[in-house]
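Below is one structure, written out as structure tokens; comments come after it.
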Amino acid sequence: MAAPQLTQGTVLVDGQTLFYRQAAPAQQSPKLTVLLLHGIRFSSDTWLQLQTLAKLAEAGYRAVAIDLPGLGRSKDAVAPAPVGQPAPAAFLRGVWEALRLGPAVVISPSLSGMYSLPFLFEHSHLLKAYVPVAPICTDKFPAEQYAQIKTPTLIVYGDQDAELGQASLANLRHLPEHRVLVLQGAGHACYLDKPDEWHRGLLAFLQQLE
């Protein structure tokens with residue numbers, strides 16, 4: 001099998017320069033696009049080093065990982081307004097257009113919940129599926145609002161993440177089309193603690209979307 005095509009570059013979103021990495025299948029058209037966000041101590045490099053980008057591309061997916069504003073190699077970009085205002089959703093919509101994502105899956109750990117959750121509620125028609133990994137801001141939205149979203153969702157958390165893992169699960173479980181992946185013995189950044197289980201569970205979920 002030919003190695004995935006790994007590229008990197010920048011895009012302009014709302015006047016801000018954002019860094020991104022991309023992996024695509026070498027010899028076929030992608031089955032689906034997956035957008036990977038990240039937590040506050042991480043960046044797109046996390047998904048490169050963990051080999052998540054490569055594994056997604058090898059499985060036939062286009063994988064795109066961005067550095068969020070103010071983080072990673074997007075340090076000069078300014079973060080949008082806090083959750084509850086339209087800016088984070090509008091920002092992610094801009095990312096969607098700049099990178100020509102089309103219907104895509106969003107993987108959203110920790111801090112990136114401030115972007116992905118408003119986007120989920122405002123633009124769920126653009127989401128093929130949602131993979132929240134103990135994201136922040138789940139308590140900003142009522143159960144009734146979650147209940148209206150029909151997007152297939154894989155809720156992921158580590159069983160040692162007693163704070164955000166449990167709190168986010170309590171809110172996200174109101175999404176009607178959800179399933180749960182608990183990584184045993186893993187903390188908040190559970191994908192780092194249990195990479196094999198993370199990749200296996202993610203790929204199994206994506207396969208069911210095809």
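Note: hydrogens, waters and symmetry copies are ignored here, and every other heavy atom, side chains too, is used.
No more than 12 heavy atoms of other residues, nucleotides or ligands sit less than 6.0 Å from atom CD of E163.
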Please report the C-alpha distance between W198 and V156 in whole Å, then the side-chain angles of each, then the deciding distance to 0.1 Å, and finally whether the side-chain contact (heavy atoms from CB on, under 4.5 Å) criterion is met. CA-CA 9 Å; W198 155 249; V156 185; 4.1 Å; yes
Evaluate the side-chain contact (heavy atoms from CB on, under 4.5 Å) criterion for residues L203 and L56: first the C-alpha distance (whole Å), next the side-chain angles of each, then the deciding distance (0.1 Å), finally the verdict. CA-CA 8 Å; L203 290 171; L56 286 168; 4.0 Å; yes
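Note that the CZ atom of F42 and the CG atom of L36 stand 14.0 Å from one another [nearest 0.5 Å]. Remark: T153 OG1 to H178 NE2 distance equals 8.5 Å, nearest 0.5 Å. For the atom pair CD of Q22 and OG1 of T33, the computed distance is 8.0 Å after rounding to the nearest 0.5 Å. One distance of note links CG of L169 with OH of Y157; it measures 5.0 Å at 0.5 Å rounding. Taking CG from L192 and OG1 from T52, the interatomic distance works out to 8.5 Å, rounded to the nearest 0.5 Å. Here the straight-line distance linking atom CG of L202 with atom NZ of K55 works out to 11.5 Å at 0.5 Å rounding.
Under the 3.5 Å distance criterion, the side-chain polar atoms of H38 are left unmatched by any main-chain donor or acceptor of D67. Although no hydrogens or angles enter the test, the distance criterion places no donor-acceptor pair under 3.5 Å between the side chain of K128 and the main chain of L206. Side chain of S43 to main chain of D45: a donor-acceptor pair is present (N/O by atom type, distance under 3.5 Å, no hydrogens or angles). For the pair H123 (side chain) and F119 (backbone), a donor-acceptor distance under 3.5 Å is absent. No donor-acceptor pair under 3.5 Å is formed between the side chain of D159 and the backbone N or O of Q184.
Under 3.5 Å, the side chains of S112 and S108 contain a donor-acceptor pair of N or O atoms.
Ring planes of W47 and Y191: tilted class, angle from 30 to 60°. By the 30° and 60° cut-offs, the orientation of the rings of F91 relative to Y115 is tilted.
Within the 4.5 Å cutoff, side-chain heavy atoms of R21 are placed close to those of L48. For the pair C190/D161, no side-chain contact is recorded, criterion being any heavy-atom separation below 4.5 Å from C-beta on. Using a 4.5 Å heavy-atom cutoff, the side chains of E197 and L181 are not in contact. In this structure the side chain of V133 never reaches within 4.5 angstrom of the side chain of S110, judged on heavy atoms.
With P135 as the fixed residue, the side chain to side chain contact (heavy atoms under 4.5 Å, CB included) test singles out one of N171, L172, L111: L172.
Linking Ile, Leu, Val, Met, Phe, Trp and Tyr residues whenever their side-chain heavy atoms come within less than 4.5 Å places L53 and L50 in a single cluster. Residues L12 and V64 do not share a hydrophobic cluster, clusters being chains of Ile/Leu/Val/Met/Phe/Trp/Tyr side chains in contact below 4.5 Å.
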